[in-house]
Amino acid sequence: PSPLAPSRPEGVDLGPVPPARSPLASTRQRGRFNRGLAMHALLQHLPDLPEQDRQAAALSYAARSAHLVDDPTAFAAEALRVLQTPGLAALFGPGSRAEQPVSGLVAGRIVSGQVDRLVVTPTRVIAADYKSGREPPASAAGTPVLYLRQMAAYHAVLGLLYPGRTITCLLIWTDGPVVMELPPDLLAAHRAPASANGGRLIGPPVPST
């Protein structure tokens, strides 16, 4: 089967995506671009620390990144609020993984990609992708088709890997930050039917937590 990278889906009119905030743009845009990258870094690495150590680490990182953010203390607090979002404790808790490669066979295509954040529990799988340096849409329905196809591919593969479990896909827009859940019916409209050939996980298995 031919390969398909979820971040570069094929065969559809992808439509426009929010313009990237260029580091060479105006001072205000450059500030938001750098802030988004710094937020991405915090959300990637803070969950690896014990919960009681996260606030000190976030403040330390923000202080060292004062040239990237206007208010380091507020910046650190925003990152911690994302980690403390109701319903997302498992995504950033013990057993969750950052930058997790996944692949599987979906509708005759090998789907291979990397999920920014993934956790598997006995009843649920949560996958999150960070979007840095781009303006978040007003609602999930306004998400660019490119991103919907990407997350729909992950949703399909994870459904094959973990049948019978609820698959939840999130976009975390670091310019805010904004946590946005993508409804299953919205994702279903942007993916091909899943193959019965199954899926597989690359790298160390993700244990149920």
Residue set satisfying ring pair (Phe, Tyr, Trp, His ring centres under 6.0 Å) with Y61, at least two apart, ordered chain then number -> none
List the atom of [X], the atom of [Y], and the distance in Å for their closest heavy-atom pair.
{"X": "M180", "Y": "A140", "value": "SD-CA, 3.5 Å"}
{"X": "P72", "Y": "A62", "value": "O-CB, 3.2 Å"}
{"X": "P136", "Y": "V178", "value": "CG-CG2, 4.1 Å"}
{"X": "P177", "Y": "E78", "value": "CD-OE1, 3.4 Å"}
{"X": "E135", "Y": "W173", "value": "O-CZ3, 3.8 Å"}

With clusters defined by side-chain heavy atoms of hydrophobic residues (ILVMFWY) lying less than 4.5 Å apart, directly or transitively, does M39 cluster with L59?
no
Connected via hydrophobic side-chain network under 4.5 Å: L146 and L182
yes
Which residue pairs satisfy the salt bridge (Lys or Arg N to Asp or Glu O under 4.0 Å) criterion with at least one member in residues 55-72, sequence neighbours excluded?
none
Give every residue pair that meets the salt bridge (Lys or Arg N to Asp or Glu O under 4.0 Å) criterion with at least one member in residues 119-130, sequence neighbours excluded.
D129-K131
Any side-chain heavy atom of S65 within less than 4.5 Å of one from R35?
no
Determine whether L118 and L158 make a side-chain contact, defined as any pair of heavy atoms from C-beta on separated by less than 4.5 Å.
yes
Check against side chain to side chain contact (heavy atoms under 4.5 Å, CB included), V111 and L105:
CA-CA 6 Å; V111 176; L105 188 64; over 6 Å; no
CZ of F75 to CG of L80, rounded to nearest 0.5 Å, is 10.0 Å
To the nearest 0.5 Å, what is the distance between OG1 (T174) and OH (Y130)?
10.0 Å
Check: residues 40-47 side-chain donor-acceptor pairs under 3.5 Å, at least two apart:
{"from": "H40", "atom 1": "ND1", "to": "S132", "atom 2": "OG", "distance (Å)": "3.1"}

Please determine whether side chain to side chain contact (heavy atoms under 4.5 Å, CB included) holds for the pair V119 and R97, giving the CA-CA distance in whole Å, both sets of side-chain angles, and the decisive distance to 0.1 Å.
CA-CA 6 Å; V119 67; R97 290 176 180 261; over 6 Å; no
Going through the distances and angles, do I167 and I126 end up as a side chain to side chain contact (heavy atoms under 4.5 Å, CB included)?
CA-CA 6 Å; I167 311 297; I126 308 175; over 6 Å; no
Tell me every residue that passes side-chain hydrogen bond (donor to acceptor under 3.5 Å, both in side chains) with E99, counting only those two or more places apart in sequence or in another chain.
Q114
Would you check, one step at a time, whether the test side chain to side chain contact (heavy atoms under 4.5 Å, CB included) holds for C169 with E181?
CA-CA 6 Å; C169 288; E181 181 173 345; over 6 Å; no
Mind listing the side-chain donor-acceptor pairs of residues 84-93 below 3.5 Å, one per line with the distance, residues two or more places apart or on another chain?
{"from": "T85", "atom 1": "OG1", "to": "R81", "atom 2": "O", "distance (Å)": "3.1"}
{"from": "T85", "atom 1": "OG1", "to": "V82", "atom 2": "O", "distance (Å)": "2.9"}

Using modelled atom types only, decide if a donor and an acceptor are shared between the side chain of R117 and the backbone of A128 within a distance under 3.5 Å.
no
